[in-house]
Colleague: 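I'd like to ask some things about the structure below.
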Protein chains: 4
Amino acid sequence: MTDTPHRRGADRTEAIMRTTLELGQEIGYAKLSIEAVAARAGASKQTIYRRWSSKGALLLDSLLSLNEPGLDYPETGDLVADLRAQIYAAVDLLGRPPFGPLFKALIGEAQHDPQIAATLNERFIAPQADKTIARLKTARDQGQLSPAFDLDLAMAILSGPLYFQLLITQEQLTHEYVDRILNVLFAGMGPRPQIDREPPEAQ
Amino acid sequence: MTDTPHRRGADRTEAIMRTTLELGQEIGYAKLSIEAVAARAGASKQTIYRRWSSKGALLLDSLLSLNEPGLDYPETGDLVADLRAQIYAAVDLLGRPPFGPLFKALIGEAQHDPQIAATLNERFIAPQADKTIARLKTARDQGQLSPAFDLDLAMAILSGPLYFQLLITQEQLTHEYVDRILNVLFAGMGPRPQIDREPPEAQ
Amino acid sequence: MTDTPHRRGADRTEAIMRTTLELGQEIGYAKLSIEAVAARAGASKQTIYRRWSSKGALLLDSLLSLNEPGLDYPETGDLVADLRAQIYAAVDLLGRPPFGPLFKALIGEAQHDPQIAATLNERFIAPQADKTIARLKTARDQGQLSPAFDLDLAMAILSGPLYFQLLITQEQLTHEYVDRILNVLFAGMGPRPQIDREPPEAQ
Amino acid sequence: MTDTPHRRGADRTEAIMRTTLELGQEIGYAKLSIEAVAARAGASKQTIYRRWSSKGALLLDSLLSLNEPGLDYPETGDLVADLRAQIYAAVDLLGRPPFGPLFKALIGEAQHDPQIAATLNERFIAPQADKTIARLKTARDQGQLSPAFDLDLAMAILSGPLYFQLLITQEQLTHEYVDRILNVLFAGMGPRPQIDREPPEAQ
DNA sequence: TATTAAACGAGACGGTACGTCGCGTCTTGGT
DNA sequence: ACCAAGACGCGACGTACCGTCTCGTTTAATA
C-alpha cells in the first residue's frame with residue numbers, strides 16, 4: 001500500500017518546496033515562516049534546515065524548481081519577434097501573481113543577503129541574460145545588427161526598465177511597455193544632441 | 001552642564017534617526033532592530049513607535065533626512081553634462097557605502113511592504129524622476145530634442161539599467177557605465193532591424 | 001472591573017508557581033516543561049525565564065511557597081511527642097501525593113544540579129534540621145538528655161532512615177515507622193557488642 | 001588484522017557501557033545523551049535502543065557492571081569491624097568521584113522513573129541490604145546481639161544517615177562519620193527520656 | 001510660582017518564530 | 001543477519017524582538 005506517511009530525500013525536498021510556494025502565495029513572503037512551512041508540509045524544521053540555510057534560500061530553490069527548463073527564446077529568425085516572445089513570457093510569469101510577488105520578495109531579500117543575491121544571479125539572472133545575449137549575438141553574426149552593437153548594454157536596456165518598473169515604481173508591467181522598450185532599443189530615441197564630447201574624467 | 005538626559009520632540013526624532021543610520025551601517029539592515037535603536041539612542045521603544053510604524057519606515061525617514069535638498073540638476077544648458085553630473089552624484093551617494101547598502105535594503109523592504117513602497121516612491125523616486133523629466137523637457141522645449149522624444153521612456157532607460165546593476169547583478173556602479181547609458185540614449189545602438197511591424201496583440 | 005488580562009510582578013510569579021504545581025501533579029516532573037507551564041499559566045516563556053533559571057528552580061520555589069510558615073515543632077514540654085508530631089506532619093506532606101512525588105523529583109534534580117542542591121539545602125533542609133536540633137537542644141538544656149547527647153547525629157538518625165525509605169526503597173512511609181525510629185533513638189537497639197575499640201586509621 | 005570496525009553481541013554491549021561511564025564522568029549525567037554515547041562508541045543508536053530502554057537504564061547497567069562481585073562483607077567474627085570494612089568500601093566507591101556523581105544521578109533518575117527505581121532496588125540496594133542483614137543475623141544467632149535486635153531497623157540506621165548526607169546535604173562522606181553511626185547503633189545515644197508512652201493512633 | 005498634563009526612560013509582558021538538541025523510529029547499504 | 005550511518009517527525013529548549021502596556025520622572029505650559 002502507498003500510505004507511507006513520510007519518505008526520504010527528494011520526496012521531502014519536493015513536498016517542502018511545493019508547500020513553500022503555496023503558503024507564500026497565501027500569506028506573502030513577509031509572514032512566511034519556516035515553522036509554518038514545516039507544519040503544513042508535515043516535515044520537521046530540522047529537515048528544512050538540513051537543506052536550506054534560510055527562508056530566502058528555500059524560496060529561491062522553490063521558485064527555481066518551477067522553471068527547470070527556463071524561459072527559452074524561440075529562434076524564428078526574426079530577432080525582434082523572438083525577443084518579444086521571450087520577454088512577454090518572462091513578464092507574464094514573474095510580473096504577476098501568483099509568482100510575481102514572491103519573485104519580488106526574493107529580490108528584496110537579496111538586498112541584505114549576499115548568498116541569496118549570488119545564488120539568484122548564478123541560477124536565474126545570469127542564465128537568462130546569457131540567453132538574451134546569445135540571441136542577439138546570433139543576429140549580429142548574421143549581419144542583422146551592426147558589428148559594433150553592444151550586446152551587454154542592449155541586454156541591460158531591455159531588462160533594466162522592466163525591473164525598474166517591477167521593483168521601484170511597482171506599476172503593472174504590460175506588453176505594451178515591453179514593445180516601447182524594444183522599439184527604442186532598435187529604433188533609438190530620435191534626433192539627438194551632441195554626445196561625442198568626452199566626459200570629465202572616469203569615475 | 002549639558003548632560004540633559006532626554007529632551008523632547010524634534011530632539012528625540014533626530015537622535016533616533018541618527019542612531020538608526022549609525023547602527024544600520026554597523027550591523028546591516030537585516031540585523032537592525034527597533035529594540036537596539038532604542039537602547040543605543042537612549043530612547044524607549046514607545047517613543048519610536050509613536051513616530052514610525054515599522055523598521056522600514058524608520059529607515060526610510062532616516063535616509064530621506066540625509067537628502068533634504070535632494071539631488072538636483074545643474075542647469076548649464078548642456079543637457080548631457082547636466083544629466084551626467086546629477087546621475088554621477090546619485091550613483092556616488094546611493095551606490096556605495098555607507099548609504100548604498102541601506103538604500104538597497106530599503107528597496108528590498110519595499111518588495112513586501114506596500115506602505116514603504118508607496119512612501120519611497122512619493123518621497124524619493126517620483127521627485128527624482130520628475131527632476132530628470134523636467135530637465136529633459138526643458139531641452140525638448142528648446143529644440144535640443146525631437147518633439148516626439150518620449151520623456152518617460154528616456155527616464156526609464158536612464159534609471160533602469162542602473163537599478164538593475166545595483167539590485168540585481170550587484171556589481172559596482174561606475175561613472176563609465178553611466179556614460180555608456182547616456183551615450184546609447186542619445187546616440188542609439190547603431191544600425192537596426194525592421195521594427196515597424198506590428199506586435200501580435202496587446203498584453 | 002477585574003478583567004485585567006495580565007498584570008505585574010508578584011501576580012505573575014504566583015500564577016506561574018501555582019500552575020507549575022498543578023501541572024506537575026498531573027503529568028509528573030519528568031514530563032513537565034516550561035513551555036507547558038507558560039501556556040497554561042497564560043504567561044510567556046520569557047516571563048518564566050526572567051525569574052527562574054531552570055525547571056528545577058521553578059519547582060523548588062513553587063514547593064517552598066507552599067510551606068511559607070514551615071513545618072514547626074510544637075513545644076509541649078514532651079520532647080518525644082513534639083518530635084513525633086512534627087515528623088508525622090512532614091511525612092504526611094512530603095511522603096505522599098500530591099506533593100511527595102514532586103518533592104522526590106526535586107531531590108532527584110538536586111543530584112545533577114548543584115544550584116538546586118544548594119538552594120534546597122539553604123531554604124528547606126537546613127532550616128528544618130535547625131528546628132529539630134533546636135528542639136533537642138532545649139531538652140538537653142533542661143536535663144532531659146545527657147549533656148553528651150550528640151544533637152547533629154540524632155537529627156541524622158531521625159531523618160536518614162526516612163529519606164532512605166522515601167528515595168531508595170520507595171516504600172510508603174508510615175507513622176509506625178517513624179515511631180520505631182524515635183524509639184530506637186532514645187531507647188537504643190538493646191544489648192550491644194564491644195565498640196570501644198579504636199577503628200583502624202582514619203579515612 | 002585488528003581493525004575490526006564493528007563486531008557483535010557482547011562486544012558491542014561492553015563497549016557501549018564503557019563509553020557511557022567514560023562520557024558520564026566527563027560531562028555529567030545531565031548532559032549525557034544516547035546520541036553522544038552512540039557517536040563516541042562507534043555504535044548506532046538502534047544498537048543501544050535494542051538493549052536499553054532509556055539513558056537511566058543504560059547507566060544503571062553500566063554502573064552495575066563495575067560491581068560484578070558486589071561489595072561483600074568480610075567475616076572475621078568481629079561484627080563491628082566487618083560492618084566497618086564493608087561500609088568504608090561502599091562509601092569510598094559510591095561517595096566519591098569518579099562513580100559517586102553518576103551513582104547519585106542514577107538515584108536522582110529513580111525519583112521519576114519507576115522502572116529505574118525498581119531495577120536499582122532489585123539489582124543493587126536490596127542485595128546490599130540483604131548482605132548487611134545477613135551479617136547482623138549471624139551475629140545475633142551467635143548471641144552477640146540481643147534476640148530482639150531489629151535487623152531491618154539496624155540496617156536502615158546504618159544506611160539512612162549516609163544516604164542522607166550523600167543525597168541531601170551533599171557533604172563529603174568520611175570514615176569518621178561512618179564510625180559515629182556504628183557507635184551510636186551499638187552504644188546508643190546515652191541516657192534517655194520516657195519513650196514507653198503509647199503514640200496517639202497509628203498513621 | 002506652583003500645578004498639571006504630556007512626553008519620556010525604563011522595562012515587564014504575551015506572543016511568534018528562531019535555530020538547535022536530542023528523542024525514538026525508520027530505512028539504506030555494507031560486511 | 002546484524003550492524004553503522006543517519007534521515008526523519010517530533011517536542012522542547014533558551015533567545016531575540018515584536019508591539020503593547022504600565023510605571024514613575026522630567027519638562028514645559030498653564031493657572
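In what follows, chains are A, B, ... by sequence order, proteins preceding strands, each numbered from 1. As the structure is a computational prediction, the values presented were derived from the model and not from experiment.
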Colleague: With a 4.0 Å heavy-atom cut-off, tell me which residues in residues 103-112 of chain A come close to DNA chain F, sorted by residue number.
Modeller: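 DNA chain F contact set from residues 103-112 of chain A: none.
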
Colleague: Would you call C:E22 and C:R40 a salt bridge, using N to O less than 4.0 angstrom?
Modeller: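 C:R40 and C:E22: salt-bridged.
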
Colleague: Test: ring-ring contact (aromatic ring centres under 6.0 Å, His included). Region: residues 24-49 of chain A. Which pairs qualify, not counting sequence neighbours?
Modeller: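 Passing the test, one end in residues 24-49 of chain A: A:Y29-B:H112.
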
Colleague: Over how many whole Å does the gap from C:Q46 atom CD to F:dA16 atom P extend?
Modeller: 8 Å

Colleague: Can you tell me how far the CZ atom of C:R51 sits from the CD1 atom of C:I16, to the nearest 0.5 Å?
Modeller: 5.5 Å

Colleague: Taking atom C1' of E:dG9 as reference, at what distance in whole Å does atom CD1 of B:I16 sit?
Modeller: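 Taking CD1 of B:I16 and C1' of E:dG9, I get 11 Å after rounding.
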
Colleague: If I take atom CG in residue A:L23 and atom P in nucleotide E:dA17, what distance separates them, rounded to the nearest angstrom?
Modeller: 10 Å

Colleague: Can you tell me how far apart CZ (A:F103) and CG (A:L63) are? Round to the nearest 0.5 Å.
Modeller: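 Rounded to the nearest 0.5 Å, the CZ-CG separation comes to 8.5 Å.
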
Colleague: More 5' along DNA chain F: D:A43 or A:A43, using each one's nearest nucleotide?
Modeller: D:A43

Colleague: So, do A:L94 and A:F124 sit near enough that their side-chain heavy atoms are less than 4.5 Å apart?
Modeller: yes

Colleague: OP1 or OP2 of F:dA4 less than 4.0 angstrom from a side-chain nitrogen or oxygen of D:T47, does that happen here?
Modeller: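 So the side chain of D:T47 is within the cut-off, an N or O lying under 4.0 Å from OP1 or OP2 of F:dA4.
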
Colleague: Hydrogens and angles aside, do B:S44 and B:T47 bring a side-chain donor and acceptor to less than 3.5 Å of each other?
Modeller: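 There is such a pair (donor and acceptor under 3.5 Å, judged by atom type) between the side chains of B:S44 and B:T47.
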
Colleague: Closer than 4.0 Å, any side-chain N/O of D:R12 to the OP1 or OP2 of F:dC3?
Modeller: no

Colleague: Do you know the tightest heavy-atom contact between D:R12 and D:G42?
Modeller: NH1-O, 3.5 Å

Colleague: Could you measure the distance from the CG atom of D:L102 to the CD atom of D:E109? Nearest 0.5 Å is fine.
Modeller: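 Reported value, rounded in 0.5 Å steps: 12.0 Å.
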
Colleague: If you check the D:Y49 side chain, which of F:dC13, F:dC8, E:dG24 turns out closest?
Modeller: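 Nearest listed nucleotide: E:dG24.
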
Colleague: Rounded to whole Å, how long is the line connecting atom CD1 of D:I48 with atom P of E:dT25?
Modeller: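 So the two atoms are 13 Å apart, to the nearest Å.
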
Colleague: For F:dC8 and A:R50 - does any side-chain N or O of the residue sit under 4.0 Å from the phosphate oxygens OP1/OP2?
Modeller: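 Looking at the OP1 and OP2 atoms of F:dC8, one of them is under 4.0 Å from a side-chain N or O of A:R50.
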
Colleague: I want to confirm an ordering. Mapping C:S44 and A:K55 to their closest nucleotides on DNA chain E, which one lands closer to the 5' end?
Modeller: C:S44

Colleague: Where each residue is assigned the nucleotide of DNA chain E containing its nearest heavy atom, which of A:S53 and D:S53 is assigned the position nearer the 5′ end?
Modeller: A:S53

Colleague: Apply side-chain contact (heavy atoms from CB on, under 4.5 Å) to C:K55 and C:L59, showing your working.
Modeller: CA-CA 6 Å; C:K55 176 167 78 158; C:L59 178 58; 5.6 Å; no

Colleague: Considering only heavy atoms, which members of residues 31-40 of chain C lie under 4.0 Å from some atom of DNA chain F?
Modeller: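 Per residue number, the list reads C:S33, C:I34, C:E35.
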
Colleague: Can you figure out which of E:dT20, F:dC8, F:dT20 approaches the side chain of A:K45 most closely?
Modeller: E:dT20

Colleague: Between C:S54 and D:A41, name the one whose nearest nucleotide on DNA chain F is closer to the 5' end.
Modeller: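 The residue closer to the strand's 5' end, by nearest nucleotide, is D:A41.
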
